[in-house]
Enquirer: 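Pasting a structure below so you can have a look.
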Amino acid sequence: MYNSTVFAKTTIIIIFFFFLKIFFSCTPPDPIDMTYSVINLEVMDNSGHYHDRNYSDTLYSDAVSIQLSLSDSSTYYASNSFKSGELFSFESACAWSPNYSYKPVHLIQDIRVYTEFDLDDTYKAGANISDSILFSLESVYSLYETIDKAIMYFNDLQWEPSCTVRMYLKSSVKNSQAQFIVEVLLDDGSKLIETTDVFYITPSNL
């Protein structure tokens with residue numbers, strides 16, 4: 001009787017400390033530092049519903065949009081490896097998955113958009129057309145925001161080592177083809193530059 005009582009008490013204590021350790025291991029981790037190092041552009045048709053992902057090489061003249069994604073590929077792969085390793089680790093045992101967050105080290109100072117072809121009578125080839133761009137901030141479903149709001153969105157805490165916005169061209173494209181260059185300026189003096197593919201313009205159906 002004595003041995004069974006001691007065994008029961010010991011088992012209860014072990015179980016108690018086991019769940020206590022699990023509880024404290026579930027504290028959300030500190031934000032992971034990341035540096036935007038990769039830029040990606042996708043030309044998209046904006047003639048359908050909000051956030052439709054219709055990639056095309058031919059767009060309506062009044063429905064041109066570009067998806068802009070910035071990411072830290074090294075942090076992305078490292079964080080995924082870390083998460084995979086946690087599956088086999090007691091230290092991170094938890095009833096729910098911890099919420100990982102990512103903090104940009106170098107903040108974005110400006111986003112500039114240039115046209116490679118004449119856009120209309122106002123914007124000629126090589127012109128900065130940034131003042132003709134509006135943004136949607138995808139994870140918060142905020143539509144038609146200014147560049148300043150987009151910059152704040154990129155510089156905020158992220159839930160993945162990447163961030164994506166969609167850029168909408170306010171001007172109607174008068175040319176039969178178009179191509180854009182996007183420059184992202186960081187506060188360390190570096191730039192991320194990417195150019196869209198050349199795509200074709202058809203008269204708008206809007």
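Keep in mind that the numbers below use all heavy atoms, side chains included, and drop hydrogens, waters and symmetry copies.
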Enquirer: Enter the distance from Ile133:CD1 to Arg112:CZ here, rounded to the nearest 0.5 Å.
Expert: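 One gets 14.5 Å once the value is rounded to the nearest 0.5 Å.
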
Enquirer: Does NZ belonging to Lys124 count more than 12 external heavy atoms closer than 6.0 Å?
Expert: yes

Enquirer: Whether the Ser74 and Asp72 side chains hold a donor-acceptor pair (N or O, under 3.5 Å, no angle test) is what I'd like checked.
Expert: yes

Enquirer: Go through Phe199 and Val64 one step at a time and tell me if the side-chain contact (heavy atoms from CB on, under 4.5 Å) criterion holds.
Expert: CA-CA 10 Å; Phe199 56 97; Val64 175; 4.0 Å; yes

Enquirer: Under 4.5 Å between side-chain heavy atoms, hopping through other hydrophobics if needed: is there a path connecting Phe154 to Leu192?
Expert: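 Yes; Leu192 is reachable from Phe154 via cluster members.
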
Enquirer: With sequence neighbours left out, what residues match Asp197 under side-chain contact (heavy atoms from CB on, under 4.5 Å)?
Expert: none

Enquirer: Rounded to the nearest 0.5 Å, what's the gap from CG on Asp33 to NZ on Lys103? Could you check?
Expert: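 Rounded to the nearest 0.5 Å, the CG-NZ separation comes to 5.0 Å.
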
Enquirer: Does Thr146 form a side-chain contact (heavy atoms from CB on, under 4.5 Å) with Phe135? I'd like the steps, not just the answer.
Expert: CA-CA 6 Å; Thr146 63; Phe135 293 79; over 6 Å; no

Enquirer: Nearest 0.5 Å please: distance from the OG atom of Ser71 over to the OH atom of Tyr36.
Expert: 9.0 Å

Enquirer: Would you say Ser132 and Ser171 are linked by a side-chain donor-acceptor pair, where the criterion is simply a distance under 3.5 Å?
Expert: yes

Enquirer: Taking C-beta and beyond as the side chain, do Trp159 and Ser101 meet within less than 4.5 Å on heavy atoms?
Expert: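 Answer yes - side chains close enough.
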
Enquirer: Under the side-chain contact (heavy atoms from CB on, under 4.5 Å) rule, what do Ile39 and Ile193 come out as? Steps first, then yes or no, please.
Expert: CA-CA 7 Å; Ile39 180 173; Ile193 304 174; over 6 Å; no

Enquirer: Could you see if Leu41 belongs to whatever hydrophobic cluster contains Leu169? Use Ile, Leu, Val, Met, Phe, Trp, Tyr and a side-chain cutoff under 4.5 Å.
Expert: yes

Enquirer: Can you tell me how far apart CD1 (Ile66) and CE (Met167) are? Round to the nearest 0.5 Å.
Expert: 4.0 Å

Enquirer: Over all heavy atoms of both residues, which pair between Met34 and Pro161 is shortest? Give the atoms and the distance, please.
Expert: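 Between these two residues, the closest heavy atoms are SD-CA, 3.5 Å.
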
Enquirer: With sequence neighbours excluded, what pairs up with Glu145 under the salt bridge (Lys or Arg N to Asp or Glu O under 4.0 Å) test?
Expert: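 Checked Glu145 against salt bridge (Lys or Arg N to Asp or Glu O under 4.0 Å); matches are Lys149.
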
Enquirer: Could you pull out every donor-acceptor pair under 3.5 Å between side chains of residues 173-183 and any protein atom, sequence neighbours left out?
Expert:
| from | atom 1 | to | atom 2 | distance (Å) |
| --- | --- | --- | --- | --- |
| Asn175 | ND2 | Asp118 | O | 3.0 |
| Gln179 | NE2 | Thr196 | O | 2.9 |

Enquirer: Please name all residues satisfying side chain to side chain donor-acceptor pair (under 3.5 Å) with Tyr123, sequence neighbours left out, ordered by chain then number.
Expert: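 Per chain and number, Tyr123 pairs via side chain to side chain donor-acceptor pair (under 3.5 Å) with Asp131.
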
Enquirer: The test is side-chain contact (heavy atoms from CB on, under 4.5 Å); show your working for Val165 and Tyr153 and say whether it passes.
Expert: CA-CA 9 Å; Val165 301; Tyr153 181 65; 3.5 Å; yes

Enquirer: Quick check on Asp188: does its CG atom have over 12 non-hydrogen neighbours (other residues, nucleotides or ligands) under 6.0 Å away?
Expert: yes

Enquirer: Quick one: side-chain contact (heavy atoms from CB on, under 4.5 Å) partners of Ser65, sequence neighbours excluded?
Expert: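 With sequence neighbours excluded, Ser65 shows a side-chain contact (heavy atoms from CB on, under 4.5 Å) to Met44, Asn46, Arg166, Tyr168, given in chain and number order.
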
Enquirer: What closest approach, in Å, do Leu137 and Ala150 show between heavy atoms, and which atom pair accounts for it?
Expert: CD2-CA, 3.9 Å

Enquirer: Rounded to the nearest 0.5 Å, how far does CG of Leu119 lie from OH of Tyr114?
Expert: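 Tyr114 OH to Leu119 CG: 15.0 Å, rounded to 0.5 Å.
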
Enquirer: Taking Thr115 for its side chain and Phe117 for its backbone only, find out whether a donor-acceptor pair lies under 3.5 Å.
Expert: yes

Enquirer: Let me confirm one number: the OG-CG distance from Ser172 to Asp62, rounded to the nearest 0.5 Å.
Expert: 3.5 Å

Enquirer: Ignoring hydrogens and geometry beyond distance, is a side-chain donor-acceptor pair present between Thr164 and Ser69 at under 3.5 Å?
Expert: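 There is such a pair between these side chains.
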
Enquirer: Going by the rule side-chain contact (heavy atoms from CB on, under 4.5 Å), which residues pair with Ile151 if we only count those two or more places apart in sequence or in a different chain?
Expert: Ile108, Asp110, Ile111, Ile147, Asn155

